[in-house]
Amino acid sequence: MEMEGKIQKNSRFKRVCVFCGSSTGKRNCYSDAAIDLAHELVARRLDLVYGGGSIGLMGLVSKAVHHGGGNVIGIIPRTLMNKEITGETVGEVRPVADMHQRKAEMARHSDCFIALPGGYGTLEELLEVITWAQLGIHDKPVGLLNVDGYYNYLLTFIDKAVDDGFIKPSQRNIIVSAPNAKELVQKLEEYVPVHDGVIAKASWEVDKQQAQQRVGFKATTLQTEVASAL
């Protein structure tokens, strides 16, 4: 096996959630980065949680982790199964009701988050877990795999938001980034959570219960599902 002899010491994490595109993009470097990330996860004995698709970068990273001996959990809305799953799937595929439940379940089963290159969906997932960290709903590390500068403009935007007073300087450190998988995962291992003006989990739980009583049904919102699980 390709990964034999490359297994490293145990990680502080057990499972890593990877957000990425259902396309491979137009440049080979994106596919190469997905496979490199998968090899790094296997080397560190980290299991994969991802969006459940078998196409694009999702398919590449999931198959590479699975073939390397890692466990794979794919979480996908039932309405997307015909679109994002083609041919053979790997690991465990868990169908869910909708996109909100997908994100909540991915977060519930993960110890940190990594974003590979992707489009609107990847960006939306990434920014939501960053916002959860900002609010104190979780303190799990969030990393950008900035392949060949793919996320440079996003990082520039975030720096502009800090400069103009929309994001606190300390909360800029919620995100870590690196150009390659090995460096990024190491940064995530060393990450120290930011606790600056966040909402206490106990307070969030009270708000959740009061909100449920007001609306009169048992289903929780995405944020409170995650808060109760983390």
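Although no hydrogens or angles enter the test, the distance criterion places a donor-acceptor pair under 3.5 Å between the side chain of E189 and the main chain of R12. With hydrogens and angles disregarded, no donor-acceptor distance shorter than 3.5 Å links the side chain of N146 to the backbone of S177. Side chain of S110 to backbone of A107: no donor-acceptor contact under 3.5 angstrom is found. Using modelled atom types, no side-chain atom of Y50 and backbone atom of V16 make a donor-acceptor pair closer than 3.5 Å. Remark: the backbone N or O of K63 is paired with a side-chain donor or acceptor of H67 at under 3.5 angstrom. Side-chain atoms of H109 do not come within 3.5 Å of backbone N or O of R15 as any donor-acceptor pair. Side-chain atoms of Y150 come within 3.5 Å of backbone atoms of G118 as a donor-acceptor pair (strictly under, hydrogens ignored).
A 4.5 Å side-chain heavy-atom check between L188 and C112 finds at least one atom pair inside the cut-off. Contact annotation: the side chain of D47 never approaches that of I73 to less than 4.5 Å [non-hydrogen atoms, C-beta and beyond]. Between L46 and V65 the shortest side-chain heavy-atom distance does not fall below 4.5 Å. Looking at L184 and V176, their side chains come closer than 4.5 Å, going by heavy atoms from C-beta outward. Between L57 and V61, the closest side-chain pair of non-hydrogen atoms is not below 4.5 Å.
Evaluated for a side-chain contact (heavy atoms from CB on, under 4.5 Å) with V162, the options K168, Q171, R172 yield exactly one hit, R172.
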Task: Intermediate values then yes/no, side chain to side chain contact (heavy atoms under 4.5 Å, CB included), L37 and N180 - done: CA-CA 8 Å; L37 175 59; N180 60 75; over 6 Å; no

TODO: Verify side chain to side chain contact (heavy atoms under 4.5 Å, CB included) between V49 and I75, making sure each step is shown before the conclusion.
DONE: CA-CA 8 Å; V49 178; I75 300 172; 4.2 Å; yes

Open item on the list: side chain to side chain contact (heavy atoms under 4.5 Å, CB included), that's the test. Do K140 and F13 meet it? Break it down for me.
Closed with: CA-CA 10 Å; K140 301 176 180 182; F13 310 121; over 6 Å; no

TODO: Any chance you could lay out the side chain to side chain contact (heavy atoms under 4.5 Å, CB included) test for L41 and L48, step after step, and finish with the verdict?
DONE: CA-CA 8 Å; L41 298 184; L48 171 69; 4.3 Å; yes

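Enclosure of atom CG in D164 by more than 12 non-hydrogen atoms of other residues, nucleotides or ligands within 6.0 angstrom is indicated. By the neighbour-count criterion of 12 heavy atoms within 6.0 Å, atom NZ of K187 is densely surrounded, having more than that number from other residues, nucleotides or ligands.
Residues S31 and T24 approach most closely at OG-CB, 3.7 Å, considering heavy atoms. Contact detail for G51 and M106: the closest heavy-atom pair is N-CE, 3.8 Å. Considering all non-hydrogen atoms of both residues, G25 and S23 come closest at N-OG, 3.0 Å. The nearest pair of heavy atoms linking T122 to A115 is CG2-CB, 4.4 Å. Between I174 and A133 the shortest heavy-atom distance is CG2-CB, 3.8 Å. Among all heavy-atom pairs drawn from V72 and S62, the shortest one is CG2-O, 3.7 Å.
Annotation: the span from R44 atom CZ to Q186 atom CD amounts to 5.0 Å, rounded to 0.5 Å. Going from atom NZ of K160 over to atom CD1 of I167 covers 12.5 Å, rounded to the nearest 0.5 Å. The distance from the CD1 atom of I175 to the CD1 atom of I158 is 3.5 Å, given to the nearest 0.5 Å. For the atom pair T131 OG1 and H138 NE2, the distance stands at 9.0 Å (nearest 0.5 Å). In this structure, OG1 in T156 is found 10.5 Å from CG in D163, a value given to the nearest 0.5 Å. For the atom pair C20 SG and Y30 OH, the distance stands at 14.0 Å (nearest 0.5 Å).
Between Q101 and R108, the side chains place no donor N or O within less than 3.5 Å of an acceptor N or O (distance only, hydrogens not considered).
Ring orientation note: the planes of F113 and F19 are close to parallel, at an angle under 30° on the 30°/60° scale.
Using a cutoff of 4.0 Å between basic side-chain nitrogens and carboxylate oxygens, E92 and R94 are scored as salt-bridged. Taking the charged nitrogens against the carboxylate oxygens, E128 and K103 do have a contact shorter than 4.0 Å, which makes a salt bridge.
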